[in-house]
Each structure stands twice: as structure tokens, then as C-alpha cells.
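Below is one structure; the comments refer to it alone.
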Amino acid sequence: MTPPLDPASLHAEASAATGLHDFGEPTHHEALERLVEALNTEARLNARGVAEVRGTLRAALINRLLLHRSPAPPPIGAGTGPVVITGPPRSGSTFLHTLLACHGGLRAPRLWELMHPVSPPGVPDSVLIEATRRHVAAYYAAAPAMRDIHPMRAEGPEECEYLMTTDFRNTVLGLIGYRVPGYAAWLLDQDLTDAYRLHRLQLRAILARRPMPPGGRLLLKCPSHIWHLPSLVAVHPGTTLVELRRDRRQATASACSLALHARRKRSDEVDPLEIGEQLDRALRLGTSRLNSFTAAPPAGVTHVPVDYEDLVRDPVSTARRLFGLLGLPDVPPALLDRHIERCARRGRHVYSGRDFGLAPDASAHRPAADR
């Protein structure tokens, strides 16, 4: 029988791996304890799932140790705030994120940087990149359908929710990756301002290693921000919020399919109807919070809505319009066309809301934007 996860053992393993013991302020203890309790009692993990999540939690603690070992990285420039893409999951944010990241004036953190925000002493970037490539290969080997549902590359832009794991307040992990309803319900009601402060500190470390271009702006993306926008903008002043809008039924059905494949990778007992009920409820709450926030954004926050259908119909014009709104020079359309062609070569993500007890919807959507 696989032994249960234990916070004390995880801390000890992280310290043994690094020789370090300073985890910083203990703001993470309650969240880690709640998450571990839910993983042990609710997640129905198989042996592979336990091994994977143990590695994820241990890596997060190692990142905390490395972050607090080093001198504080330089602050992010006090000028223009980040560009943050958000919206309900499966509204095209991944596609738009990678499209905008083609612009040299936007600095989108790469997957390897998000998984390793601070380099261990003496370890070159090339080693961290190769470790991330192995992680991606193992992920797709265990869940082949995820290649088409959520494509990722070690050196490609990825969502900044990875940085929330360092404080164990990761909404994607709680709602999508694992069956942990107790933890997820608790997390959606929390003030994540302190977690976003750690999020910003890790971004500072990433930029200290590979700086932004002169005059550049950070480009961040994650759907999970919709539940916690006041905390996000309190820590990231001057944010330009790019909100993707898609029919809620279609977005929810696609998110349920994502959760189904992610959870089946880690558990032999996954209930599609339960996923449908949980995500439908959570996304109604997230959409309500998003609408309330964007109806009257705080001072200094710029809100830019983008319709999913417009993105699908004409992604090049959508991207160029956003570059203009951000005050960035235009880019050759051929550069964007090449990226779109690469996305179009991927397989289709096929799903139906009926499988999750949801209202009828289309069974499949365009592969480029349904991410």
C-alpha cells in the first residue's frame, strides 16, 4: 500500500535534496495541510498519481527553499504593469497567449522558467530545460490525449498558475487536475494576496535570470485569475486585463473534458458527471466574479475584452488589434500566420457536454483556439 502524503515528510525531503531549511514565512502551511488532506482522503489516487503529486509538492517546497536562499531579485520596473490574459477556462487563452508571445516586446515566461523560477547553484539553464522536456514527454506518455487538449513545450509560453503552487494555492490543481473538492471549495473563498506576492517575487527571479527587452512588458496568462482578480491587481498594479469571452456552455464542456483526461492520468475512479457538476458550479461563480470586476475595474487597470469567435475567425487581426491597443509596433502578418499554421496541424479536441450532464453543445471545436 502506498503510504499517505505527509507535510512534515515533504518538507524533510525538500531539505534533504537541497541542504536548505529556510522556507520563508510559513504562509503555506495551512494550504499545504488542506491540500494533502484532500489528496489523501478525496482524490482516489492510484500509485502513479501519488508519485506524481508527491513530486509536484516536493518541487514546490524546493522552489521555496531556493527562493529564500538567494538575495531578493531586483524589483520589476515601476512603469507599465503586466498584460494578463484571462477568462473562463477553454476560452482560447492558450492560443491567444502563444500568438501574442510572438511579439518581441512582450516577455512571456516559458514553461521551464515557471517550473524552475530559481536556478539551483551551479545548474545551467540547459539542464533545467532538458528536465522540463522530460517532464512534458512523461506527461504526454501517460495522457496522450492531452497533446491536443493542452499543448505545451519546455521552451514555449505557459500559464503562470505554476507559480501559485509554491504557496500551495493553485486553483487549476484544485479544480482540474485532481478530485479535491474540499480543498477547491476552501481555496475559492480565500484572499490570495499573499500568494500573488510570492507569484510576483518568482517573476522577479525569472526576469533577473533572463531580463525583459528594453521597454517590454510581461505577458501572463491563466484562466484561474478570474476567481481572484482583486488580489491579482493589488499585487500587479497597472495591469492590462485581456478578457476572453466564450459561450459558457461550450467553455464548461471543454473544461470538463480537460479535467477528465487530467484526472484519469492519476486516478482509476473518475466520474464525468461529478466533474460536470463541480466545474459548472465553479465556473458560474468565476464568471460572476469576473463580470463584477470588469464592470467597474479599479483605477489603473485597463480592461480589453476579446470575443472567442472573433479570435477563431481572424486571429491575425485580433492579435494586431491588441498590439495596437498595447502601444506596440505591428509585426509582419506572416509571422503570426506561421504560428497559426503550426497550431492547425494538431489534432481535434472532441467532447460533448452530455457526457458530463451538461446542456447539449457542439461536439468539437476548432483545434487552434479551443484551449
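Note that the structure is a prediction, hence the values are computed from the model and not measured. Throughout, numbering of the chain's residues begins at 1 and tracks the sequence.
The distance from the OG atom of S224 to the CG atom of L173 is 11.0 Å, given to the nearest 0.5 Å. Distance check, rounded to the nearest 0.5 Å: CG of L57 to OG1 of T165 gives 8.5 Å. Here the straight-line distance linking atom CG of N63 with atom CD of Q202 works out to 6.5 Å at 0.5 Å rounding. L61 CG to L66 CG: the interatomic distance, rounded to the nearest 0.5 Å, is 11.0 Å. Atoms CG and NE2, from D189 and H228 in turn, are 9.0 Å apart once rounded to the nearest 0.5 Å. Taking CZ from R281 and CG from L175, the interatomic distance works out to 9.5 Å, rounded to the nearest 0.5 Å.
R263 contributes no side-chain N or O that, together with a main-chain N or O of V270, makes up a donor-acceptor pair within less than 3.5 Å. Here the side chain of S91 pairs no donor or acceptor atom with the backbone of G87 at under 3.5 angstrom. The main-chain N or O of L283 is found under 3.5 Å from a side-chain atom of T287 such that the two form a donor-acceptor pair.
Side chains of R217 and T240: a donor-acceptor N/O pair is present below 3.5 angstrom, by distance only.
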| Test side-chain contact (heavy atoms from CB on, under 4.5 Å) applied to L336 and V331, step by step | CA-CA 8 Å; L336 302 176; V331 299; 3.9 Å; yes

| said: side-chain contact (heavy atoms from CB on, under 4.5 Å) for Q190 and W227? Distances and angles first, verdict last. | reply: CA-CA 10 Å; Q190 298 305 298; W227 286 280; over 6 Å; no

| field | Full working for side chain to side chain donor-acceptor pair (under 3.5 Å) between T86 and E243 | value | CA-CA 5 Å; T86 193; E243 178 206 352; over 6 Å; no

| task | List the steps, then state whether ring pair (Phe, Tyr, Trp, His ring centres under 6.0 Å) holds for H68 with H21. | result | CA-CA 9 Å; H68 291 94; H21 302 279; over 10 Å; no

| Evaluation steps, side-chain contact (heavy atoms from CB on, under 4.5 Å), between M164 and T171 | CA-CA 8 Å; M164 302 299 278; T171 310; over 6 Å; no

| request: Assess whether side-chain contact (heavy atoms from CB on, under 4.5 Å) is satisfied between M146 and L258, documenting all intermediate values. | output: CA-CA 8 Å; M146 294 295 285; L258 169 66; 3.3 Å; yes

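The two residues R107 and P213 make their nearest non-hydrogen contact at CB-CD, 4.4 Å. Across all their heavy atoms, L358 and G276 have their closest contact at CD2-O, 3.9 Å. Considering every non-hydrogen atom in both Y183 and F168, the closest pair reads OH-O, 2.7 Å. A pairwise comparison of heavy atoms in A108 and A101 identifies CB-CB, 4.0 Å as the closest pair. A pairwise comparison of heavy atoms in A262 and I176 identifies CB-O, 4.1 Å as the closest pair. The shortest heavy-atom contact between L188 and R289 is O-NH1, 2.8 Å.
Hydrophobic clustering places I76 together with V301 (ILVMFWY residues linked when any side-chain heavy atoms are closer than 4.5 Å, directly or through intermediates).
A salt bridge between E159 and K221 is present, with a side-chain N of the basic residue lying under 4.0 Å from a carboxylate O of the acidic one. Salt bridge D307/R246: absent, no basic N to carboxylate O contact under 4.0 Å. A salt bridge between E113 and R209 is absent, with no side-chain N of the basic residue lying under 4.0 Å from a carboxylate O of the acidic one. Using a cutoff of 4.0 Å between basic side-chain nitrogens and carboxylate oxygens, R179 and E269 are not scored as salt-bridged. Ionic pairing of R34 and E30 is present here: one or more N-O contacts between side-chain nitrogen and carboxylate oxygen are shorter than 4.0 angstrom. Electrostatic pairing of E158 and R110 does not count as a salt bridge here, judged by no charged N lying under 4.0 Å from a carboxylate O. Comment: D167 does not engage R197 in a salt bridge, judged by the lack of any side-chain N to carboxylate O separation of less than 4.0 angstrom.
Enclosure of atom CD in E277 is not indicated, since only 12 or fewer non-hydrogen atoms of other residues, nucleotides or ligands lie within 6.0 angstrom.
Between Y196 and H225, a ring centre-to-centre spacing shorter than 6.0 Å is recorded. Side-chain rings of H135 and H116 stay apart, their centers remaining 6.0 Å or farther from each other. In summary, the aromatic rings of H199 and H236 are positioned with their centroids under 6.0 Å apart.
Cation-pi check for R245 over Y308 is not met; the charged atom does not lie both under 6.0 angstrom from the ring centroid and within 45 degrees of its normal.
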